[in-house]
Protein chains: 2
Amino acid sequence: MSVTIIDVAKKAGVSPSTVSRVISGHSRISPATIRKVKEIMDELGYHPNVMAKSLVSKTTQTIGILLPRSAEELFLNLFFSEIIRGVVTQSTRSGYDLMMTTGTSEREEVEAITRLVKGRRVDGIILLYSRKSDPVISFLQEMKFPFVLVGRSEDFPHVLSIDNNNVLAAYDATRHLIAQGHKRIGFVSGPPNLIVSRDRMDGYVQAMREAKLEIQTEWIVEGEFLQESGYRAMSFFMNLPHRPTALVVIDDIVAFGVLRGVTELGYKVPSDLSLVGFNNIPMSELSSPPISSIDIGIYQLGYTASQTLIKAVKGEPIHHNHIIIPHRLMTRESSLHTIHP
Amino acid sequence: MSVTIIDVAKKAGVSPSTVSRVISGHSRISPATIRKVKEIMDELGYHPNVMAKSLVSKTTQTIGILLPRSAEELFLNLFFSEIIRGVVTQSTRSGYDLMMTTGTSEREEVEAITRLVKGRRVDGIILLYSRKSDPVISFLQEMKFPFVLVGRSEDFPHVLSIDNNNVLAAYDATRHLIAQGHKRIGFVSGPPNLIVSRDRMDGYVQAMREAKLEIQTEWIVEGEFLQESGYRAMSFFMNLPHRPTALVVIDDIVAFGVLRGVTELGYKVPSDLSLVGFNNIPMSELSSPPISSIDIGIYQLGYTASQTLIKAVKGEPIHHNHIIIPHRLMTRESSLHTIHP
DNA sequence: CTGAAAGCGCTTACAG
DNA sequence: CTGAAAGCGCTTACAG
């Protein structure tokens, strides 16, 4: 049915081995043979069967990406789109295909990865998001299978990973609010089992301590990466007798929820409540008021993850196991309100 | 290195053929053998080598998705994230993996698809977005390779496709504005080579004609699916001596651009200019004012595309070649301003 | 119900 | 510089 290496060999009057060597750019082949074989390949419309090639070469020219369990809701947040955009761009440039997989439970995730790894379907894997103790990481380490983590792992500190310095990022965000004269600053966090939540919390705490500002436990609220979480956090804060005048918010989408709630209650951002978010999604500058946000270079995170993984797959040397993508505070109206004591 | 079917066979004291039959759930195997073999498989941690299986079975349990050329900018628009979310959810549920590929030029796209198809890397392909004459479609048809199109094709009208009724959707949007008393309604379109642009334009024109309303050519502007396009269109409209009082806008993201521009100029939505967009992205209800939008069921589009493709791959009967996902107008403040003549 | 054998399409030492 | 042969890990008629 399709054209095989044997068809080409016959027609070119050479052996299949020779055709194979021409394809792989093997050294010791006469120019004449190369020309001849290539001609026939074109003429016949030959294309290598990837499966056969993989079977013997034990390489697939494909990398896999495991989407977090909540893939269903996942894409509501621009974070993952941006990551994937970076990954697919880079992997395509490097001649690798990208395989996506997911699972709805931890067991399903491990199964999906097992299938990819043991089924020899991919050469390496990109993991998005790290939870505290992740059986997927244990499995990949045990298998000695190449992988990179977007984020970082506490249980497996030496794992190859691409991350932001989230502690510093949150520190910067908090410092910025302090510089505007705020003293009562709250923090809206994400799911507590995510390392990114705790890193950003740490940065916030550090900045507050350093400035000798009081942190009230009720100024710290945990939630999901969803608008609703912001909305709920806001209602909670606004009912406090001593409410904060500014918030550091774990994700812009959550910040939108805060903003919406604040506006509905008739308060104003930034005069009644100043905000700084994270991720700098395109809508941040569109909302009214525009929201200040830490740009964490999401696309770059994905691009670098793919690049690093492919290096690892090829066995090229990797100098740093932990690559940090720089962040940048984008100051906008939501945090430009100076408090005069 | 890894455990093969032969290792299992040896240890279980049967032939490789039998192991293979147990794996594939073949009928005529004694329960005792099945139990024994499964036990050994677990014990040894056996996992089938997908490549070897594909090579002989000629099936990959994988579908491919071709991202539009502009993948770089692509994900800035929620449309693709949502589509992919639908596709990955459904394909995973059906036990298929998802392979993503892209190209930066038409030639590269054809190459990427050729690699997937001729390399027997996938069982079927999902195409996003259709341009007027698409060499990828010609190729797939010629190869008799299963594929579905998200969108529709004029050059290949019988191709399996999942689409909205974009003509009707735009008609509904326009009717809604007419019902508010608007007579001077403009249309901000997308790239003219996309069928979706022309379909929506047609719906707009139909509704206007039917209501015996005049359409001025300067009320129709083409652009990209980007904020900037909306911004530019707005500046253009607002400088017209006889400017429209309402706009149908091809995409919410473009509508945001319009909104931002209008606001900057000191005008108000909806009183100075009413807006209806398409796609109903999450931000539509967050902006101020919230933007009316046609929800086209993007997730559903992706989910159904995957479902239909997998049916086609399996050779199951498909009753309709053109599947239409219903749309729904979400009325919000941006279009709730009644004009009294 | 089960096994031996051929074959899927390729690569790669081993010879020459 | 090139060919014959073995083998990657699986499936599937063909026998029995």
Side-chain angles (χ1 to χ4, degrees), chain A residues 1-41 44-62 114-123, chain B residues 1-41 44-62 114-123:
Chain A
M1 174 172 150
S2 10
V3 183
T4 74
I5 215 171
I6 296 190
D7 301 326
V8 176
K10 258 181 205 146
K11 188 135 185 180
V14 296
S15 76
S17 334
T18 301
V19 176
S20 171
R21 287 183 186 114
V22 171
I23 293 167
S24 58
H26 202 284
S27 41
R28 333 194 148 289
I29 303 279
S30 79
T33 312
I34 293 179
R35 209 176 325 110
K36 179 72 179 166
V37 170
K38 288 206 164 151
E39 204 171 88
I40 304 285
M41 291 197 322
L44 263 41
Y46 171 78
H47 256 261
N49 180 314
V50 180
M51 299 303 167
K53 179 171 177 166
S54 292
L55 182 58
V56 25
S57 70
K58 312 269 187 223
T59 169
T60 62
Q61 292 283 108
T62 303
T114 306
R115 242 176 355 118
L116 291 192
V117 172
K118 294 214 169 186
R120 314 250 147 224
R121 229 161 158 29
V122 298
D123 296 345
Chain B
M1 171 175 154
S2 10
V3 183
T4 75
I5 215 171
I6 297 190
D7 300 326
V8 176
K10 256 182 206 147
K11 186 136 189 179
V14 296
S15 76
S17 334
T18 301
V19 176
S20 171
R21 286 183 186 113
V22 170
I23 293 167
S24 59
H26 203 281
S27 41
R28 331 193 153 289
I29 304 278
S30 79
T33 311
I34 293 178
R35 209 175 327 108
K36 179 73 180 161
V37 170
K38 287 204 164 152
E39 205 172 88
I40 304 285
M41 290 196 325
L44 262 42
Y46 170 77
H47 256 263
N49 179 314
V50 180
M51 297 304 167
K53 180 171 176 167
S54 291
L55 182 56
V56 26
S57 70
K58 312 265 185 230
T59 169
T60 62
Q61 292 285 104
T62 304
T114 305
R115 238 171 4 113
L116 291 192
V117 171
K118 294 216 171 183
R120 313 252 147 224
R121 226 157 160 36
V122 298
D123 294 344

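All values below were derived from every heavy atom in this structure, side-chain atoms included, with hydrogens, water molecules and symmetry-related copies excluded. A, B, ... follow the sequence lines: proteins, then strands. Residue 1 opens every chain.
Across the protein-nucleic acid pair, A/R21 atom CZ and C/dC10 atom C1' stand 13 Å apart, rounded to whole Å. Atoms OH (B/Y46) and P (D/dG9) sit 10 Å apart, rounded to a whole Å. Computed from coordinates, the A/I6 CD1 to D/dA4 P distance equals 12 Å when rounded to whole Å. If you take NZ of B/K118 and C1' of C/dC10, they are 17 Å apart, rounded to a whole angstrom. The CD1 atom of B/I5 sits 16 Å away from the C1' atom of D/dG7 (whole-angstrom rounding). Protein atom CG of A/N49 is 18 Å distant from nucleotide atom P of D/dC8, rounded to whole Å. Following rounding to the nearest Å, A/Q61 (CD) and C/dC10 (P) show an atom-to-atom distance of 16 Å. Between B/L55 atom CG and D/dC8 atom P the separation is 14 Å, expressed in whole Å.
Applying the 4.0 Å criterion to OP1 and OP2 of C/dA5, one finds that B/S17 has every side-chain N and O outside that range. The phosphate of C/dA4 (OP1 or OP2) has no side-chain N or O of B/S15 nearer than 4.0 angstrom. Between B/S20 and D/dT11, a side-chain N or O to OP1/OP2 separation shorter than 4.0 Å is present. At D/dG9, one or more side-chain N or O atoms of A/K58 fall inside 4.0 Å of OP1 or OP2 (strictly under the cut-off).
For D/dG9, its base never sits under 3.5 Å from the side chain of A/R120 at any donor and acceptor pair.
Atom CD in B/E39 sits 10.5 Å away from atom NZ in B/K11 (nearest 0.5 Å). Taken to the nearest 0.5 Å, the CZ atom of A/R120 stands 15.0 Å off from the CZ atom of A/R115. A distance of 8.0 Å separates OG in B/S57 from CG in B/D123, rounded to the nearest 0.5 Å.
A/M51 approaches B/M51 most closely through the heavy-atom pair SD-SD, 3.3 Å. Scanning both residues, B/P16 and B/A9, for their nearest heavy atoms gives N-CB, 3.6 Å.
Contact of the B/R121 side chain with the B/T62 side chain is not registered, since no non-hydrogen atoms from C-beta on lie closer than 4.5 Å. Residues B/Y46 and B/I23 have side chains in contact (heavy-atom distance under 4.5 Å, counting atoms from C-beta outward).
In the model, A/T18 has a side-chain atom that pairs as donor or acceptor with a side-chain atom of A/S15 under 3.5 Å.
Nucleic acid contact for A/T4: sugar-phosphate only, since backbone atoms but no base atoms lie under 4.0 Å from a heavy atom of the residue. Nucleic acid contact class of B/T18 (heavy atoms, under 4.0 Å, all strands): sugar-phosphate only. The residue A/S54 sits apart from the nucleic acid: no heavy atom pair falls under 4.0 Å.
Here the separation of C/dT12 from C/dG16, taken at their C1' atoms, is 16 Å to the nearest Å.
Comparing B/V56 and A/P16 by the nucleotide of DNA chain C whose heavy atom lies nearest to each, the residue mapping closer to the 5' end is B/V56.
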Read 5' to 3' with Watson-Crick or G-U pairs under 3.5 Å, [ ] for crossing pairs and | for partners on another strand, DNA chain D gives |||.||||||||.|||
